[in-house]
Amino acid sequence: MFEIKNKIPPSSTVLINSLAIKKKSLGFQVYNLSAGEPIIPTHPLVIQGAEQALRTGKTHYAPTMGIPELRASASGWMNRMYQTNYSADQTLVTCGGKFGLYALCRTLLGVGDEGIIIAPYWVSYPSLIEMTGARVKVIQTTEQSGWKITPDQLRLAITSRTKIIFFNNACNPTGAIYSRDQIYELLTVAKEKNVLFISDEVYSGLTYDGEFVSAGSFPEFSENVVVIQSVSKHFAMTGWRVGLVFGDARLLTILGDLQSQSTTGTSTISQWAAVTAFQNAEQIIDSVKNEMKLRRDALSTILEQKFGKKFSSPSGLYLLVSLADLGVKEINSNAWCQKVLEEANVALVPGSAFGVEAYVRFSFGEKESELVAAVEALVEYLKK
Ligand code: PLP
């Protein structure tokens, strides 16, 4: 066996999803509420865009920063939707939003540095930072505070070693959405302390209640902000692997160089499909969003019927629910989720994966019948 020099833990959501898929393949009826994606077909217009690319020979290497048509249509969409002012030069195409985040960490962090994340956080943030040798600093939030940080909490967490903050709005797994004033105050602190504010906005199109504000829409902070976007969630295109980074053109060129020596950029066919998606963005996002809102409401309703409490989320694809609200005494969410998958065939993600104990995440990306059946199976299990 070769000596292993670098080993990182697998993503816990991918892990639990794989376990659920494995159980299914063994013939079990598994209710999988762990996946982080809208389970609906990619829109026919996008499929047509990909077919057209295939038929017209767009099957070769693309420029490493992304095809100009995608850089232009994606920045045009951001500017139209969220009042930003990005040019095509300030737009980089990556292999999903995840590689954009990876490239930023790889470029901006090293041993001795710190990156701030906000708990509950998306499962990959700690590893993305730690892979560079930098340290993770976690700011904890609570359900009582609406799962949001205050400017004072941010100020206190920043040290002379802090280089970046990962800000996830709208948030996976809590669904929290920050207001314009709240973002302004956080940006003020980040600028004052010279910390790069990386705003992960991959769920921006799946906002059901309240207004979504992009951190990229404040001209006075433009040098301190990088925005991450993706076609994965609001276009239901997770498998196409197209993400975007918006920000300072010089920084993006450096990230592009990293791509040129690593991934060479994402699939050319996917990039052309994404151009079609952005050209028809309003129509496609509305259809995904409306369907996901129906599913969110269906999950909220059945949970309320069974557990007598209202659970909801203003955005995204998830409900983060406390075990206590499910009448469960266990606080080790990982142990509980494993038991529930083994014994009730329901796959949920433990709160511990997001840095918060005694909570579990239900995804409502699945179709309504699956959501209802999952909750019913869970209730039967809890009666035992
Ligand atoms: N950021 C957050 C908060 C996510 O939940 C995800 C995916 O689950 C991503 C980024 C990465 O998405 P993708 O790489 O599919 O664009």
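Whatever order the structure lists ligands and atoms in, that order sets their numbers, starting from 1.
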Starting from atom 1 (N) of ligand 1, what is the nearest protein heavy atom, named by residue and atom, and what distance separates them? D200 OD2, 2.6 Å
Check this for me - ligand 1, S230, N or O atoms closer than 3.5 angstrom, yes or no? yes
Indicate yes or no: does an N/O atom of N172 lie under 3.5 Å from an N/O atom of ligand 1? yes
Can R295 be said to sit on top of F364's aromatic six-ring, NZ or CZ under 6.0 Å from centre and within 45° of the ring axis? no
Counting only heavy atoms not in K329, do more than 12 fall under 6.0 Å of its NZ? no
May I ask which of P173, C95, S232 has a heavy atom nearer to atom 15 (O) of ligand 1 than the others do? S232
Per atom 7 (C) of ligand 1, closest listed option by heavy atom (R241, K233, E201, K98): K233
Those residues that, when tested against A324, pass side chain to side chain contact (heavy atoms under 4.5 Å, CB included) (two or more places apart): S322
Suppose we measure from atom 11 (C) of ligand 1 to each protein heavy atom; which comes out shortest, and what is that distance? W122 CH2, 3.6 Å
Shortest reach to atom 13 (P) of ligand 1 by a heavy atom, considering only G97, G239, A35: G97
Heavy-atom contacts with N168 under 4.0 Å: which atoms of ligand 1 show up? List them by number with element. 3 (C)
Under 4.0 Å from any heavy atom of V202, which atoms of ligand 1 are there? 1 (N), 2 (C), 4 (C), 10 (C)
My understanding is that only residues two or more places apart in sequence, or in another chain, count here; which of them pass side-chain hydrogen bond (donor to acceptor under 3.5 Å, both in side chains) with K148? Q182
Are W336 and V379 linked, directly or through intermediate hydrophobic residues, by side-chain heavy-atom contacts shorter than 4.5 Å (ILVMFWY only)? yes
Record the part of Y203 in heavy-atom contact with ligand 1 below 4.0 Å; permitted values are side chain, backbone, both and neither. side chain
Between E201 and V227, which heavy-atom pair has the shortest distance, and what is it? OE1-CG1, 3.4 Å
Check each atom of ligand 1 against the heavy atoms of G96 and keep those under 4.0 Å away; list them by number with element. 14 (O), 16 (O)
Geometric cation-pi criterion K293 and Y208, 6.0 Å radius, 45° cone: no
Under 3.5 Å, is there a donor-acceptor pair linking the side chains of Q271 and T268? no
